[in-house]
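Shown next, in structure tokens, is the structure this report addresses.
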Amino acid sequence: MALDDMQGLEHTDLIKLKRTVSKQKVNPAAAAAMRNIKGEAFISRRSSGMSFDFSRRDERMYIAGTEDGHIYKCSTSYSEQYLETYSGHLGPVYRVQWSPFQSNLFISSSADWSVKLWTEGKENALLTFQSANDEVNDVQWCPTNSTVFGTATSGGKVEIWDLAASTLKPVAQHACDGRKFSCMLFSEESPVVVAGGSNGGVQVLRLLDVDLADDLESVQTKRLDDAMRANIVKTGVVSVQ
């Protein structure tokens with residue numbers, strides 16, 4: 001197989017990610033170290049993008065996670081400004097993904113050991129999930145169960161969370177000593193999860209009591225809405241909408 005440079009793929013720049021001043025409290029020592037950095041003024045105006053996902057409701061809209069911990073909602077129609085900014089992560093955002101059942105909800109994973117659930121129009125996260133002190137390298141919604149998502153961590157764990165069951169701990173997990181998991185994915189055809197590890201291998205895991213593919217989409221959406229509202233009442237957030 002050969003590649004011809006004369007017939008390469010074309011690309012279009014959607015947006016240049018500009019750094020945003022964080023509202024989070026910064027450690028004084030870290031702030032002093034940043035002030036001592038010289039000769040990088042031009043580079044520091046940009047924020048490296050780590051992940052993005054296009055909206056299922058509007059193909060022009062997308063969200064982008066950055067190394068600064070911010071998430072931006074953008075549009076292919078506007079290349080000079082963000083539509084919304086979401087703040088809360090204290091480390092690089094490795095993955096962002098819209099919910100396949102609720103078009104205004106999305107989820108994110110970060111190096112700050114946490115997963116956060118967000119809704120359009122609100123700067124702060126609705127819910128935060130953390131089970132250990134490990135970087136969360138990937139997060140994926142389950143395509144057959146609206147309240148379930150999975151994570152892959154640098155601590156060598158694949159975790160399955162269910163909003164309808166608990167926001168404090170995963171309902172199932174699989175651990176491998178001496179290995180980091182970098183990514184994971186749910187099968188759309190069967191109750192299976194695949195996870196990629198730092199050793200170059202892929203593990204295939206079977207899920208039990210998770211697949212609800214036979215449920216109508218309206219039933220799936222109501223289940224997610226009910227779980228969200230129940231958990232939001234517990235955390236004191238006023239509304240999902």
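By the 4.5 Å heavy-atom criterion applied to side chains, Met228 and Leu117 are counted as neighbours. Residues Ser103 and Trp98 fail the side-chain proximity criterion, which asks for heavy atoms closer than 4.5 Å. Between Gln97 and Val139, every side-chain heavy-atom pair lies at or beyond the 4.5 Å cut-off. Between Gln102 and Arg57, every side-chain heavy-atom pair lies at or beyond the 4.5 Å cut-off. Residues Leu126 and Leu105 form a side-chain contact, since some pair of their non-hydrogen atoms from C-beta on lies under 4.5 Å apart. Residues Glu123 and Tyr86 are not in side-chain contact: their nearest non-hydrogen atoms beyond the backbone lie 4.5 Å or more apart. Side-chain contact between Thr167 and Phe129: present, with at least one pair of heavy atoms (C-beta onward) separated by less than 4.5 Å.
Asn231 places a side-chain N or O within 3.5 Å of a backbone atom of Leu163 that can act as its donor or acceptor partner. Panel note: side chain Glu135, backbone Asp112; no donor-acceptor pair is recorded below 3.5 Å. Judged by distance alone, with hydrogens and angles left aside, the side-chain atoms of Ser109 form a donor-acceptor pair with the main-chain N or O of Val136 at under 3.5 Å. A donor-acceptor pair is defined here as one N or O able to donate and one able to accept, closer than 3.5 Å; no such pair exists between the side chain of Asp134 and the backbone of Ser154. Listed for the Asp138 side chain is no donor-acceptor partner under 3.5 Å among the backbone atoms of Ser182. Between the side chain of Gln140 and the backbone N or O of Gly150, no donor-acceptor pair lies under 3.5 Å. Looking only at distances, no side-chain donor or acceptor of Ser110 sits under 3.5 Å from a matching main-chain atom of Ser114.
Side-chain contact of Glu84 with Tyr82: a donor-acceptor pair under 3.5 Å is absent, judged by distance alone. Residues Ser218 and Thr221 have side chains that never bring a donor and an acceptor to within less than 3.5 angstrom of each other. In this structure, a donor-acceptor pair under 3.5 Å is absent between the side chains of Thr85 and His70. For the residue pair Asp68 / Thr66, no side-chain donor-acceptor distance below 3.5 Å is found, with atom types taken as modelled. A side-chain N or O of Asn104 and one of Thr119 form a donor-acceptor pair less than 3.5 Å apart.
Here the shortest heavy-atom pairing between Ser187 and Pro143 reads O-CG, 3.8 Å. Residues Ser108 and Trp118 share a closest heavy-atom pair of OG-NE1, 2.8 Å. Across every non-hydrogen atom of Trp161 and Ser131, the tightest pair is CZ2-CB, 3.8 Å. Closest heavy-atom contact between Leu168 and Ser166: N-OG, 3.0 Å.
Atoms CG and CZ, from Leu83 and Arg60 in turn, are 10.0 Å apart once rounded to the nearest 0.5 Å. Atom SG of Cys176 and atom NZ of Lys157 lie 11.5 Å apart (nearest 0.5 Å). Once rounded to the nearest 0.5 Å, the distance linking CE of Met61 with CG of Asp53 reads 14.0 Å. If you take CD1 on Ile107 and OG on Ser99, they are separated by 8.5 Å, rounding to the nearest 0.5 Å. Atom NZ of residue Lys16 and atom CD of residue Gln81 lie 15.5 Å apart, to the nearest 0.5 angstrom.
With sequence neighbours excluded, the residues satisfying salt bridge (Lys or Arg N to Asp or Glu O under 4.0 Å) with Glu67 are Arg19. Remark: Tyr94 engages no residue in a ring pair (Phe, Tyr, Trp, His ring centres under 6.0 Å) (not counting sequence neighbours). Not counting sequence neighbours, the partners of Thr128 by the side-chain hydrogen bond (donor to acceptor under 3.5 Å, both in side chains) test are Lys116. Partners of Asp162 under the side-chain contact (heavy atoms from CB on, under 4.5 Å) rule, at least two apart in sequence or in another chain, are Thr147, Val148, Ala164, Ala165, Val171. Take Tyr62 and apply the ring pair (Phe, Tyr, Trp, His ring centres under 6.0 Å) test, not counting sequence neighbours, and it matches Phe54.
Using a 4.0 Å cut-off between charged nitrogen and carboxylate oxygen, Lys222 and Glu217 do not count as a salt-bridge pair.
Phe101 and Leu127 fall within a single hydrophobic cluster, where Ile, Leu, Val, Met, Phe, Trp and Tyr side chains are chained together by heavy-atom contacts under 4.5 Å. Phe52 and Met50 end up in different hydrophobic clusters when Ile, Leu, Val, Met, Phe, Trp and Tyr side chains are linked at under 4.5 Å.
Ring geometry for His174 versus Phe181: interplanar angle of 30 to 60°, hence tilted.
Grouping Ile, Leu, Val, Met, Phe, Trp and Tyr by side-chain contacts under 4.5 Å, direct or through others, puts Val204 with Leu185, Val192, Val194, Val202.
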| Test log, rule side chain to side chain contact (heavy atoms under 4.5 Å, CB included), inputs Thr153 and Thr151 | CA-CA 6 Å; Thr153 77; Thr151 61; 4.3 Å; yes

| message | Is there a ring-ring contact (aromatic ring centres under 6.0 Å, His included) between Phe149 and Phe186? Walk through the geometry before answering. | response | CA-CA 9 Å; Phe149 65 88; Phe186 288 92; 9.0 Å; no

| task | Apply side chain to side chain contact (heavy atoms under 4.5 Å, CB included) to Ile63 and Tyr72, showing your working. | result | CA-CA 5 Å; Ile63 46 176; Tyr72 301 111; over 6 Å; no

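More than 12 non-hydrogen atoms from other residues, nucleotides or ligands lie less than 6.0 angstrom from CZ of Arg56.
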